[in-house]
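Report on one structure; see the data block that follows.
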2 protein chains.
Amino acid sequence: MKRTGGSAKNVDVAEPPSSTEQRLMEAAGALFASKGYSAVGIREIAREAGLTIGSLYHYASSKEDLFLKLMRRNYARVTARAREAAATGSTPAERLANLVRAHVLAEVSDSEVWRLNRSELEVISPEARAELVALRDEFEQIWRRVIEDGVADGSFAPEDPVLARFSIIQMCNGVALWYRPDGRLTLDEISDVISRQALALLRAG
Amino acid sequence: MKRTGGSAKNVDVAEPPSSTEQRLMEAAGALFASKGYSAVGIREIAREAGLTIGSLYHYASSKEDLFLKLMRRNYARVTARAREAAATGSTPAERLANLVRAHVLAEVSDSEVWRLNRSELEVISPEARAELVALRDEFEQIWRRVIEDGVADGSFAPEDPVLARFSIIQMCNGVALWYRPDGRLTLDEISDVISRQALALLRAG
DNA sequence: GTCTATAACACGATAGAC
DNA sequence: GTCTATCGTGTTATAGAC
């Protein structure tokens with residue numbers, strides 16, 4: 001949006017794939033995810049994005065604001081994918097398996113969202129924290145509804161649906177901790193195994 | 001160890017329960033766990049422990065050294081508890097359930113160990129990182145052996161034993177993220193549920 | 001929209017008195 | 001073993017030229 005594009009030529013390059021803001025977000029995401037919010041300085045982010053600090057502050061009013069913009073963008077993406085996955089499939093078991101697969105795959109591309117959900121929230125302002133917690137809750141409700149549907153129609157029988165949801169999401173998030181592209185299993189294989197683990201847990205745990 | 005104790009009186013107070021070093025470690029552990037390694041300054045740690053920065057450096061040669069000492073101490077504790085739990089019980093299923101219960105309980109008291117296992121390792125020196133990774137691996141081997149025993153005697157049939165181990169440990173670690181003492185379930189109830197989830201996962205996932 | 005320069009302050013660490 | 005004082009550097013953020 002915005003994108004005034006001062007120059008006359010409105011050629012069909014259809015939005016440059018790497019605008020400055022895009023590069024900034026990607027640099028910030030990669031750095032935050034690998035070292036954590038507090039360990040990353042704005043100088044480092046700016047350098048990685050090919051900007052100076054002064055220019056960085058044109059896109060975000062503070063380091064926290066930059067973090068928040070990044071997290072909003074990534075939550076929007078993973079939540080959209082989750083909604084789509086949860087709507088695909090005729091049975092709760094199929095829908096949950098799709099959800100798990102989508103989430104494991106999203107993990108690797110948008111791992112910032114989950115890696116930064118621990119200590120980082122203790123560091124930022126209460127207002128920012130509240131917003132991020134709300135986004136996380138919105139995401140988790142998608143899972144809650146699928147599990148509830150499965151309980152209602154008898155295909156799931158978890159001892160405690162809430163704890164089952166926590167454990168399953170936690171299992172998925174864990175993949176980002178050890179996954180390496182050159183590992184023993186492909187990401188597709190991993191997401192398949194995890195989805196069956198989740199179903200096993202919902203049927204008996 | 002060391003503990004020269006320059007003063008003459010070797011009275012039987014049997015080591016004060018809250019020595020300065022103890023207080024320092026507790027303060028550092030609580031702060032590191034809640035905000036992350038990078039977000040905590042040595043000033044804050046010193047203040048919380050009731051010391052000045054100068055005194056803090058009498059107990060550790062650097063911030064990283066302090067972190068390392070803390071993590072060694074906590075890993076020793078959780079690993080010892082895990083070993084004990086894994087040795088208690090006649091069947092692999094019982095031993096694994098004990099392991100899960102012990103780990104979930106340890107989570108809350110020594111949560112630093114697990115909370116600091118992500119981005120923090122990217123921030124510290126390679127030598128320190130290698131040592132902590134080795135301690136984590138040692139801990140995970142305890143789980144690996146129990147799972148292998150269960151596979152060998154046919155009581156477990158996980159699709160992928162390694163992924164099952166990762167997921168189960170991840171499930172346990174997740175408890176520390178949301179557990180509150182005034183919550184719906186007690187820690188004992190939670191650890192029981194998680195242990196059954198783990199068994200469900202090992203039998204069919 | 002990007003830059004240079006810098007303000008204002010916190011950081012980890014050290015020296016040396018007691 | 002604890003303190004005060006301080007060094008050098010890094011931090012986030014801002015001002016203002018272009």
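Each chain gets a letter, A, B and so on, in the order its sequence line appears, and its residues count up from 1.
Heavy-atom nearest nucleotides on DNA chain C were determined for A/Leu51 and for B/Ser62, and the one closer to the 5' end corresponds to A/Leu51. Between A/Gly54 and A/Glu44, the residue anchored closer to the 5' end of DNA chain D is A/Glu44, taking for each the nucleotide with the nearest heavy atom.
If you measure from atom CD of B/Glu21 to atom P of D/dG1, you get 9 Å, rounded to the nearest angstrom. Atom CZ of A/Arg23 and atom P of C/dG1 are 13 Å apart (whole Å). Look at CD on A/Gln22: it is 15 Å from P on C/dG1, rounded to the nearest Å. One can place CG of B/Leu66 at 10 Å from P of C/dA13, the figure rounded to the nearest angstrom. A straight line from CD1 of B/Ile45 to P of C/dC11 spans 10 Å, rounded to a whole angstrom. At whole-Å resolution of the value, CD1 in B/Ile53 and P in D/dC3 are 11 Å apart. Spacing between atom OH of B/Tyr37 and atom P of C/dG12 amounts to 8 Å, rounded to whole angstrom units. Remark: P of C/dG12 and OH of B/Tyr57 are 7 Å apart, rounded to the nearest angstrom.
One finds no salt bridge joining B/Asp188 and B/Arg101 here, because no Lys/Arg side-chain nitrogen approaches an Asp/Glu carboxylate oxygen to under 4.0 Å. With respect to the salt-bridge test (charged N to carboxylate O, under 4.0 angstrom), the residues B/Arg144 and B/Glu148 qualify. Electrostatic pairing of B/Glu44 and B/Lys35 counts as a salt bridge here, judged by a charged N lying under 4.0 Å from a carboxylate O.
Contact annotation: A/Thr20 does not reach the phosphate of C/dG1 (side-chain N/O to OP1 or OP2, under 4.0 Å). A sub-4.0 Å separation between OP1 or OP2 of C/dG1 and a side-chain N or O of A/His58 is present. Contact check, B/Arg43 against C/dA10: no side-chain N or O comes under 4.0 Å of OP1 or OP2.
For the atom pair CG (B/Leu135) and CG (B/Asn74), the distance works out to 11.0 Å, reported to the nearest 0.5 Å.
Among the nucleotides C/dT2, D/dT2, C/dG12, the one closest to any side-chain atom of B/Ser55 is D/dT2. Nearest nucleotide to the A/Ile42 side chain, out of D/dA13, C/dA13, C/dT2: D/dA13. Here the nucleotide nearest the side chain of A/Tyr59, chosen from D/dG1, C/dG1, C/dG12, is C/dG1. Nearest nucleotide to the side chain of A/Thr52, out of C/dA13, C/dT4, D/dC3: C/dT4.
In this structure, B/Gly41 reaches the sugar-phosphate backbone alone: every heavy-atom distance under 4.0 Å involves primed, P, OP1 or OP2 atoms, never a base.
Residues B/Ile169 and B/Cys172 fail the side-chain proximity criterion, which asks for heavy atoms closer than 4.5 Å.
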